[in-house]
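In what follows, every chain begins at residue 1, and chains take the letters A, B, ... in the order their sequences are listed.
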Protein chains: 2
Amino acid sequence: MSASASRPPVMADVARVAGVSHQTVSRVLNNLPNVRPSTRDRILQAIDELGYRRNLTARALVTRHSRVLGVVSFDTTLFGPASTVHGIEQAARDAGYFISIVSLKAITRDSVEDAIHHLAGQGIDGIVVVAPQRQAARALSSIPDDIPAVAVEGGRARRVPVVSVDQVGGARLAVQHLLELGHQTVWHIAGPEEWLEAEGRLKGWQETLEAAGRPVPTAMTGDWSPRSGYEAGLRLPSSATAVFVANDQMALGLLRSLSERGVRVPDDVSVVGFDDVPEAEFFSPPLTTVRQDFTLVGRYSIELLLEQLAEDPPARRRRVVVPATLVRRRSTAAPAGA
Amino acid sequence: MSASASRPPVMADVARVAGVSHQTVSRVLNNLPNVRPSTRDRILQAIDELGYRRNLTARALVTRHSRVLGVVSFDTTLFGPASTVHGIEQAARDAGYFISIVSLKAITRDSVEDAIHHLAGQGIDGIVVVAPQRQAARALSSIPDDIPAVAVEGGRARRVPVVSVDQVGGARLAVQHLLELGHQTVWHIAGPEEWLEAEGRLKGWQETLEAAGRPVPTAMTGDWSPRSGYEAGLRLPSSATAVFVANDQMALGLLRSLSERGVRVPDDVSVVGFDDVPEAEFFSPPLTTVRQDFTLVGRYSIELLLEQLAEDPPARRRRVVVPATLVRRRSTAAPAGA
DNA sequence: CGCTAGAGTGTTAGCGTTCACACTTATCAG
DNA sequence: CTGATAAGTGTGAACGCTAACACTCTAGCG
């Protein structure tokens with residue numbers, strides 16, 4: 001513990017104290033072989049004594065690897081993105097990487113490109129773009145060629161592997177569940193058009209109805225917020241007996257407007273959401289919904305990224321799809337007439 | 001666009017193309033004066049031509065500043081931490097800084113210290129610790145002296161400035177609101193003991209009741225989850241007419257258990273939450289709650305951090321308190337007997 | 001006409017690591 | 001006892017940038 005508060009100690013200081021060369025200190029730090037145990041101990045002790053911490057900036061300069069991964073995301077306040085980023089962070093840390101985050105207020109192609117270049121200039125080893133909007137997905141092509149990247153929910157990006165949840169399959173699960181209960185058809189409150197997730201759920205809903213030979217009602221569109229679900233609920237025709245809502249927040253709004261109109265759930269109308277937010281189980285009534293495993297999505301995205309970072313570029317999987325699962329609770333039942 | 005995909009261009013390459021020295025390129029990049037406009041243009045063109053991006057790692061090595069700030073947080077899936085981190089990120093980016101995040105699964109003194117050292121070794125310019133638990137607050141003392149730091153919700157940390165929401169005041173607002181409506185007393189479902197926020201809300205609740213000369217019921221304790229609020233609701237005595245719940249999620253659970261028991265809100269029991277999550281407005285009934293401005297908290301924390309980073313260390317404010325506000329909705333009313 | 005000031009530019013030396021070697025010493029086969 | 005091999009260690013040169021200073025040149029002054 002040197003009293004001089006001048007500069008933090010560097011490798012050379014450790015070397016001097018331990019009576020070796022800086023290179024030997026480096027070897028110990030990097031767990032390389034061919035260091036005599038007694039020497040190693042002396043160095044370790046010197047490190048401890050001086051309170052030495054290796055300067056990762058210098059290391060990054062020479063190795064050309066910062067062990068930092070960049071993440072570009074949108075509104076990390078929402079449950080989905082927040083969970084995904086959390087999953088990414090956990091997986092990255094387990095792999096010994098740091099995460100540098102840029103969270104966008106607005107998704108425009110420009111803002112995404114900006115964020116990407118920002119990160120690229122930062123000496124990052126790779127980038128994960130959580131790109132659930134069409135705009136963002138388009139910006140993927142502007143990622144510099146020399147930077148490994150992965151997209152989450154990024155449509156079919158050209159040069160970038162994609163991890164996504166099976167939105168279409170999830171929607172199918174929801175609609176099939178309602179049809180099996182005996183409903184003639186299912187209404188849909190969709191997410192904003194520019195969102196790929198909204199698109200997938202809409203598609204799954206429509207295809208499933210068509211496959212079953214059922215009429216396909218006009219879809220209503222919300223903006224993911226509870227309020228928009230509430231408003232969609234006001235426009236829902238009284239003939240409807242089942243609604244598939246593109247996320248749980250809008251489902252909550254729908255539940256509220258139905259209850260205000262005296263419509264009982266599930267007696268009069270069945271409702272299925274999407275996401276399985278922690279609150280969903282305690283809605284009135286507890287919400288049947290489609291669960292997405294965001295943690296797994298985060299994990300896979302890091303896995304795909306690290307694969308690209310590896311020495312031997314493997315025949316890289318271009319796309320990983322995480323299945324969605326149906327969680328049955330009390331907001332769905334057979335229609336009144338059944 | 002050089003066809004050789006060998007190495008990304010460096011400053012010297014730009015210098016060669018522009019016919020100047022690398023130092024002049026550096027001057028242009030750093031917007032220093034005394035560069036002839038025509039020279040500047042030539043350099044800018046060369047940069048463009050080569051697709052040159054400055055290596056920030058090398059820059060950081062020599063300047064000893066990375067322009068990266070570290071953030072340590074807990075479970076960024078929760079609304080509060082997620083919003084705070086989001087606010088921090090926005091504010092930091094506006095100031096030209098990057099954010100490197102470590103999100104902890106468990107808060108123990110060790111895990112926090114670990115995260116801090118992890119970041120410290122990363123060549124970070126400063127650290128924000130979102131430390132809402134007593135454990136985490138204690139770990140603040142282990143931040144190396146040479147690294148500027150700020151704590152969010154960190155109790156009264158010793159050497160570290162703190163930004164926090166006025167939990168006590170928020171709780172007072174909630175309880176006063178209920179007393180003014182005519183309730184004799186107010187029950188409380190508290191958060192986990194080790195959380196400072198839970199402690200502040202508990203304290204505000206208790207003090208306000210005492211100041212009004214009202215009996216103070218035994219507080220129930222949850223773990224922030226809707227389920228724990230639900231369970232607390234089952235234990236709520238039927239004599240209770242008003243409940244102040246330490247967060248919105250638990251309030252949701254309470255609402256649910258009350259409705260299952262046939263207790264009407266607000267007719268039979270009034271409920272106030274804390275946080276004002278986006279969903280709160282659409283609970284059944286819409287929840288009266290205390291709003292915390294997390295964005296502001298994030299903003300202030302970066303402000304305090306940048307103050308420390310500035311050339312002239314100002315007489316530093318040791319503590320910034322952000323006020324909480326009451327949002328009145330439909331879950332509160334006068335008691336039945338009033 | 002020489003001198004100074006300042007604009008404009010180049011040169012050199014780091015920053016704290018790792019990498020590619022070269023070197024020394026001990027070990028062992030022949 | 002010699003030479004080859006391996007273990008253990010040191011030396012010097014990068015990595016790509018900025019800081020400090022030195023230099024050149026023009027303008028302006030007495």
Side-chain angles (χ1 to χ4, degrees), chain A residues 2 6-44 46-47 50-68 96 120-125 146 311, chain B residues 2 6-44 46-47 50-68 120-125 144 146 311:
Chain A
S2 100
S6 53
R7 287 221 176 293
V10 300
M11 218 176 230
D13 299 321
V14 175
R16 198 173 329 105
V17 170
V20 296
S21 77
H22 63 121
Q23 177 56 16
T24 302
V25 177
S26 175
R27 274 191 269 261
V28 169
L29 252 23
N30 294 314
N31 280 315
L32 294 179
N34 298 348
V35 177
R36 188 181 321 202
S38 66
T39 310
R40 176 181 303 268
D41 288 347
R42 227 164 354 117
I43 291 172
L44 255 19
I47 287 176
L50 294 172
Y52 168 76
R53 288 196 314 259
R54 151 161 71 185
N55 182 326
L56 291 181
T57 304
R59 178 185 163 94
L61 178 60
V62 56
T63 60
R64 315 180 110 80
H65 296 300
S66 59
R67 296 196 79 79
V68 175
Q122 197 42 222
I124 246 137
D125 286 350
D146 53 341
E311 303 297 295
Chain B
S2 98
S6 52
R7 287 221 177 292
V10 299
M11 217 175 232
D13 298 321
V14 175
R16 197 173 331 104
V17 170
V20 296
S21 78
H22 62 124
Q23 177 57 14
T24 302
V25 177
S26 173
R27 274 191 269 262
V28 169
L29 251 24
N30 293 315
N31 279 315
L32 294 178
N34 299 348
V35 177
R36 193 185 317 222
S38 65
T39 310
R40 175 181 305 269
D41 288 348
R42 227 166 351 121
I43 291 173
L44 255 20
I47 287 176
L50 295 172
Y52 168 75
R53 287 195 315 258
R54 148 162 73 183
N55 182 325
L56 292 181
T57 304
R59 179 187 162 92
L61 179 59
V62 57
T63 61
R64 317 180 109 82
H65 296 299
S66 60
R67 294 195 79 81
V68 175
Q122 195 42 222
I124 247 138
D125 287 351
D146 53 340
E311 302 296 294

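The residue among A/Met11 and B/Val35 whose nearest nucleotide of DNA chain C is located toward the 5' end is B/Val35. Taking the nucleotide of DNA chain C with the nearest heavy atom to each of B/Pro37 and A/Tyr52, the more 5' of the two is matched to B/Pro37.
In this entry the distance linking CG of A/Asn34 with P of D/dT5 reads 17 Å, nearest Å. Per the geometry, CZ belonging to B/Arg67 stands 13 Å off P belonging to D/dT18, to the nearest Å. D/dG16 atom P lies 14 Å from atom CG of B/Leu50, rounded to whole Å. Protein atom CG of A/Asn55 is 14 Å distant from nucleotide atom C1' of D/dC17, rounded to whole Å.
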Short heteroatom pairs, N/O only, protein and nucleotides 19-28 of chain D, under 3.5 Å:
unit_1	atom_1	unit_2	atom_2	d
D/dA19	N6	B/Gln23	OE1	3.1

Apply side-chain contact (heavy atoms from CB on, under 4.5 Å) to B/Ile43 and B/Thr39, showing your working.
-> CA-CA 6 Å; B/Ile43 291 173; B/Thr39 310; 4.0 Å; yes

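For DNA chain C, the span of nucleotides reached by chain B at under 4.0 Å from its heavy atoms goes, 5' to 3', from C/dA7 to C/dG16.
Put simply, the side chain of A/Thr57 never gets that close to the backbone of B/Leu61: no donor and acceptor are under 3.5 Å apart. Side-chain N or O atoms of A/Arg27 include none that pairs as donor or acceptor with a backbone N or O of A/Leu32 at under 3.5 Å.
Contacts of B/Thr57 with the nucleic acid, taken as non-hydrogen atoms under 4.0 Å apart, are absent.
For the helix from C/dC1-D/dG30 to C/dG30-D/dC1, the axis fitted to the five pairs at one end and the axis fitted to the five pairs at the other end meet at an angle of 50° (nearest 10 degrees).
Minimum interatomic distance between B/Ser21 and B/Ala15 (heavy atoms only, all atoms of both residues): C-CB, 3.6 Å.
Paired with B/Arg54 under the rule side-chain contact (heavy atoms from CB on, under 4.5 Å), one option of B/Val14, B/Val10, B/Asn30 passes, and it is B/Asn30.
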